[in-house]
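Chain A is the first sequence line, chain B the second, and so forth, proteins listed ahead of strands; every chain is numbered from 1.
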Number of protein chains: 2
Amino acid sequence: MADRISDAEHAVMEVLWDDAPLTAQDVAERVDPGRGWSANTVKTLLGRLLAKNAISHEADGRRYLYRPLVARDDYVSGESRRLINRLFGGRLTPLVAHLAERDELTAQDIAEIEALLKDLKQ
Amino acid sequence: MADRISDAEHAVMEVLWDDAPLTAQDVAERVDPGRGWSANTVKTLLGRLLAKNAISHEADGRRYLYRPLVARDDYVSGESRRLINRLFGGRLTPLVAHLAERDELTAQDIAEIEALLKDLKQ
DNA sequence: TCGCACTGTTTACGGCCGTAGTCAATAGCG
DNA sequence: CGCTATTGACTACGGCCGTAAACAGTGCGA
């Protein structure tokens with residue numbers, strides 16, 4: 001079922017995860033302006049997301065209201081897993097180690113994650 | 001310059017990161033058998049990677065020897081950054097928190113990362 | 001020396017993606 | 001009641017991707 005969501009489609013999903021249901025026009029207005037999309041482009045993407053069963057729509061007079069079917073958390077988990085499996089043998093530690101080695105972690109990041117993990121252990 | 005490396009191309013890169021330089025035949029033999037690729041497919045992918053400047057080749061008599069131009073670490077960093085930026089506001093902590101919330105971290109993961117972070121702080 | 005086997009190059013082709021124009025229906029305005 | 005503005009559906013099109021067959025050059029064995 002749930003086909004893969006493309007990059008452009010993901011931008012539309014973010015809008016609907018933030019607030020739903022919305023009309024196509026609402027989505028077009030709220031989608032990242034950096035993309036510079038025409039309203040038609042957004043409508044096409046909504047159509048493709050419908051076909052992929054990533055969103056649903058219900059009639060509201062002459063227009064439709066769109067809402068997400070896949071939860072953001074599920075999408076995020078899927079994408080994260082995919083990356084971690086593909087590049088780090090499925091384990092999180094090597095990812096953290098990699099970023100650390102490349103100095104991509106700030107002292108604040110480290111402190112935050114430590115606190116988080118401590119919490120996890122109770 | 002460095003164009004985006006596709007998924008299938010990445011499988012070829014992994015072979016060359018593991019050992020280089022290699023002939024096209026070597027690559028075809030070592031690439032993940034799960035893909036079930038014909039030798040021709042591998043040759044096409046090598047050609048595309050050349051066009052993208054992700055690998056180089058040097059003549060070796062009748063054939064070429066291929067070797068990576070982009071370092072695995074650079075590729076891995078780029079992909080990781082892309083995901084973290086796209087889904088977690090550019091910060092690693094929310095990614096860890098997300099996986100933790102979804103019970104995707106084992107006790108071992110947690111211990112490993114804690115040890116890693118402790119080390120980082122001296 | 002001749003043909004074959006091997007290697008790289010070119011071409012193919014359906015599918016998804018990004019981007020958007022065109023078409024058809026229709027509801028509300030004048 | 002007829003026209004226009006809105007809205008969704010259909011069509012388009014070039015590009016990348018996955019997958020691979022067809023083709024062409026050439027060194028080696030017979």
Atom [atom1] of [X] to atom [atom2] of [N]: distance rounded to whole Å?
X       : N      : atom1 : atom2 : result
B:Tyr64 : D:dT26 : OH    : P     : 11 Å
A:Asp7  : D:dC16 : CG    : C1'   : 14 Å
B:Arg63 : D:dG27 : CZ    : C1'   : 12 Å
A:Leu49 : D:dG8  : CG    : P     : 14 Å
A:Leu65 : D:dT7  : CG    : P     : 12 Å
A:Ile5  : C:dC16 : CD1   : P     : 15 Å
A:Glu29 : D:dT7  : CD    : C1'   : 14 Å
B:His10 : D:dG18 : NE2   : C1'   : 16 Å

N/O donor-acceptor pairs under 3.5 Å from side chains in residues 57-66 of chain B, not counting sequence neighbours:
| from | atom 1 | to | atom 2 | distance (Å) |
| --- | --- | --- | --- | --- |
| B:Glu58 | OE1 | B:Arg67 | NE | 3.0 |
| B:Glu58 | OE1 | B:Arg67 | NH2 | 3.3 |
| B:Glu58 | OE2 | B:Arg67 | NH2 | 3.0 |

### Task
For the pair B:Tyr75 and B:His10, name the ring-plane relationship: parallel under 30°, tilted 30 to 60°, perpendicular over 60°.
parallel

### Task
Let me have a per-nucleotide readout for nucleotides 19-30 of chain C, 5' to 3', with B, S or -, counting only protein heavy atoms under 4.0 Å.
BBBB----S---

### Message
So which atom in B:Glu112 and which in A:Arg91 form the shortest heavy-atom distance, rounded to 0.1 Å?
### Response
OE1-NH1, 3.0 Å

### Query
Which atom pair, heavy atoms only, marks the closest approach of B:Ser77 to A:Glu104?
OG-OE2, 3.4 Å

### Query
Bend angle of the helix from C:dT1-D:dA30 to C:dG30-D:dC1 from five-pair axes at both ends, rounded to 10°?
30°

### Message
Tell me whether the side-chain N/O atoms of A:Gln25 come closer than 4.0 Å to OP1 or OP2 in D:dT6.
### Response
no

### Phosphate contact (D:dG18 OP1 or OP2) by B:Ser6 side-chain N/O below 4.0 Å
yes

### Query
For B:Val70, which of B:Ile5, B:Leu49, B:Ile55 qualifies under side-chain contact (heavy atoms from CB on, under 4.5 Å)?
B:Ile5

Heavy-atom side-chain proximity of [X] to [Y] below 4.5 angstrom:
X        : Y       : value
A:Leu83  : B:Arg82 : no
B:Asp26  : B:Val15 : no
B:Arg102 : A:Asp74 : yes

### Task
Using the closest heavy atom to pick a nucleotide of DNA chain C for each, name whichever of A:Glu9 or B:Gly47 lands nearer the 5' end.
B:Gly47

### Message
For A:Thr106, is there any backbone N or O sitting under 3.5 Å from a side-chain donor or acceptor partner on A:Asp109?
### Response
yes

### Query
Across the strands shown, which category fits A:Ala24 at heavy-atom distances under 4.0 angstrom: base, sugar-phosphate, nothing?
sugar-phosphate

